[in-house]
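The chains referred to below are lettered A, B, ... by the order of the sequence lines, with proteins before strands, and numbering in each begins at 1.
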Number of protein chains: 2
Amino acid sequence: MTKDRARQLEAALREAGVRITRQRSALLRVLAACDDHPDATELHLRARDAGVAVSLATVYRTLTTLQAQGVIEKLEFRGEPARWEPADQQHHDHMIDVDTGAVIEFTNDRIERLQAEIAAEMGYEIVHHRLELYVRRRGNG
Amino acid sequence: MTKDRARQLEAALREAGVRITRQRSALLRVLAACDDHPDATELHLRARDAGVAVSLATVYRTLTTLQAQGVIEKLEFRGEPARWEPADQQHHDHMIDVDTGAVIEFTNDRIERLQAEIAAEMGYEIVHHRLELYVRRRGNG
DNA sequence: TCAACAGTTGCGATTGGGTCGCAACTGATG
DNA sequence: CATCAGTTGCGACCCAATCGCAACTGTTGA
Ligand SMILES: [Zn+2]
Ligand SMILES: [Zn+2]
Ligand SMILES: [Zn+2]
Ligand SMILES: [Zn+2]
């Protein structure tokens with residue numbers, strides 16, 4: 001399933017003129033298998049564990065390329081190295097548990113609409129936005 | 001007026017056990033005079049221009065201290081060094097014009113409330129949040 | 001007023017995520 | 001296949017930010 005997804009992406013990227021190398025193919029498979037929000041170092045490890053050594057510089061370059069192609073999204077939480085996630089999901093924002101580091105996804109149409117309204121009222125349109133809630137479990141002492 | 005504010009802050013900080021040095025006093029005056037969102041390098045320059053040389057390391061250390069005291073807030077926009085602003089204002093969020101770099105402040109109670117509701121529904125309370133709209137003027141070619 | 005000392009400063013070195021230059025390599029095309 | 005533009009790995013480098021340390025200085029209280 002994720003393997004199929006990786007193949008799909010390869011085809012689309014090739015179509016867009018992006019050369020599919022051994023390294024990129026491996027990273028696409030790793031990314032397609034993600035259900036979390038790994039950083040570059042973690043992806044580097046996962047590719048290595050999957051049997052394909054990719055240099056860290058190439059990991060960074062590939063991530064930049066894939067982001068430019070709209071395949072993945074970059075997340076920059078407070079005080080951490082950048083994290084990445086596949087872009088082929090419904091748009092969502094993130095909550096970060098400040099005690100455990102856990103990342104929870106959520107969506108809220110009303111917030112999305114309000115953001116657009118605010119921008120529009122001031123004569124702007126939104127290119128991109130960032131909404132992060134740094135939270136703590138209620139009732140923790 | 002901003003000078004008064006700086007004196008007030010000095011008193012409160014001293015009360016809290018924070019030593020008021022020549023450097024900190026200068027930075028407090030610079031910060032109290034801010035109506036924008038300067039980064040550490042800019043604050044370093046402003047202090048120097050105001051006649052008090054402060055090393056960049058001390059600027060960074062002082063900013064950390066003042067943030068811990070709740071006097072200022074740290075802003076981390078995408079791909080830029082951190083910026084700072086006095087914390088004694090109404091809470092607000094930011095829009096960043098991606099073409100000009102201009103930073104526009106806004107407030108929206110409904111968004112604030114929705115955020116709290118979302119967190120509460122999942123059993124969390126918000127410690128801190130970040131909402132940034134990266135925008136472009138409408139009708140630009 | 002001033003001695004004492006814990007907290008602060010400046011400097012230069014260091015960290016850490018991320019980028020770059022370059023020579024060697026390799027997908028894609030015909 | 002030959003070709004060659006695009007890609008890789010390596011190590012050097014960049015930049016914001018932090019740190020170690022010796023010299024310095026607010027603050028306290030005698
Ligand atoms: Zn959103
Ligand atoms: Zn996500
Ligand atoms: Zn807000
Ligand atoms: Zn602001």
Side-chain angles (χ1 to χ4, degrees), chain A residues 6-7 9-30 37-45 47-48 50-69 71-84 101, chain B residues 6-7 9-30 37-45 47-48 50-69 71-84 101:
Chain A
R7 292 242 178 276
L9 288 172
E10 282 190 18
L13 287 166
R14 219 184 303 258
E15 192 63 23
V18 176
R19 218 182 262 187
I20 303 304
T21 62
R22 192 169 42 82
Q23 292 86 339
R24 285 178 181 174
S25 181
L27 286 170
L28 282 170
R29 266 175 279 123
V30 168
H37 304 85
D39 63 17
T41 304
E42 175 61 24
L43 291 166
H44 181 227
L45 290 176
R48 178 174 297 279
V52 184
V54 182
S55 76
L56 192 52
T58 293
V59 171
Y60 279 112
R61 282 186 288 225
T62 301
L63 291 171
T64 303
T65 300
L66 295 180
Q67 181 186 27
Q69 295 294 326
V71 170
I72 56 175
E73 268 177 48
K74 185 180 193 175
L75 305 173
E76 295 171 285
F77 300 149
R78 194 186 52 176
E80 298 184 6
R83 296 164 172 247
W84 303 84
Chain B
R7 292 242 177 277
L9 288 173
E10 283 190 16
L13 287 167
R14 218 183 306 257
E15 192 64 24
V18 177
R19 223 183 257 187
I20 302 304
T21 62
R22 192 169 40 81
Q23 292 87 339
R24 287 178 179 174
S25 181
L27 286 170
L28 282 170
R29 267 175 278 123
V30 168
H37 304 85
D39 63 17
T41 304
E42 175 63 24
L43 290 166
H44 182 227
L45 291 176
R48 177 175 297 280
V52 184
V54 181
S55 75
L56 192 53
T58 292
V59 172
Y60 279 111
R61 283 187 287 228
T62 301
L63 291 171
T64 302
T65 299
L66 295 180
Q67 181 186 27
Q69 294 295 325
V71 170
I72 56 175
E73 268 177 48
K74 186 179 193 175
L75 306 173
E76 295 172 283
F77 299 149
R78 196 188 50 176
E80 299 183 4
R83 296 164 173 248
W84 303 82

Identify, between A:Glu76 and B:Arg24, the residue whose nearest nucleotide on DNA chain C lies closer to the 5' end.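 The residue whose closest nucleotide sits nearer the 5' end is B:Arg24.
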Take the protein atom [atom1] of [X] and the nucleotide atom [atom2] of [N], then report the distance between them rounded to whole Å.
X	N	atom1	atom2	result
A:Arg78	D:dA16	CZ	P	21 Å
A:Leu28	C:dG27	CG	C1'	15 Å
B:Leu63	D:dA16	CG	P	15 Å
A:Gln69	D:dG6	CD	C1'	14 Å
B:Leu66	C:dT8	CG	C1'	13 Å
B:Glu10	D:dT27	CD	P	9 Å
A:His44	C:dG18	NE2	C1'	14 Å

Which pair of heavy atoms, one from [X] and one from [Y], lies closest together, and at what distance?
X	Y	value
B:Glu10	B:Ser25	OE2-OG, 2.6 Å
A:Lys74	A:Gln67	CB-NE2, 3.4 Å
B:Glu76	B:Ala82	CG-CB, 4.2 Å

| query | Around atom CZ of A:Arg7, are there more than 12 heavy atoms of other residues, nucleotides or ligands at under 6.0 Å? | reply | no
- Side chain of A:Pro81 only, please: which of D:dT8, C:dG17, D:dA16 is the nearest?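 Within the option list, the nearest is C:dG17.
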Margin query: Can you list, in residue-number order, the parts of residues 52-60 of chain A that come under 4.0 Å of DNA chain D, counting heavy atoms only?
Written below: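 Output list: A:Ala53, A:Val54, A:Ser55, A:Ala57, A:Thr58.
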Is it the case that the base of C:dG10 and the side chain of B:Arg61 share a donor-acceptor contact (distance under 3.5 Å, atom types as modelled)? yes
Tell me which residues in residues 11-23 of chain B put a heavy atom below 4.0 Å from DNA chain C, sorted by number, or none.
->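 Residues of residues 11-23 of chain B that come under 4.0 Å of DNA chain C are, in numerical order, B:Arg19, B:Thr21, B:Gln23.
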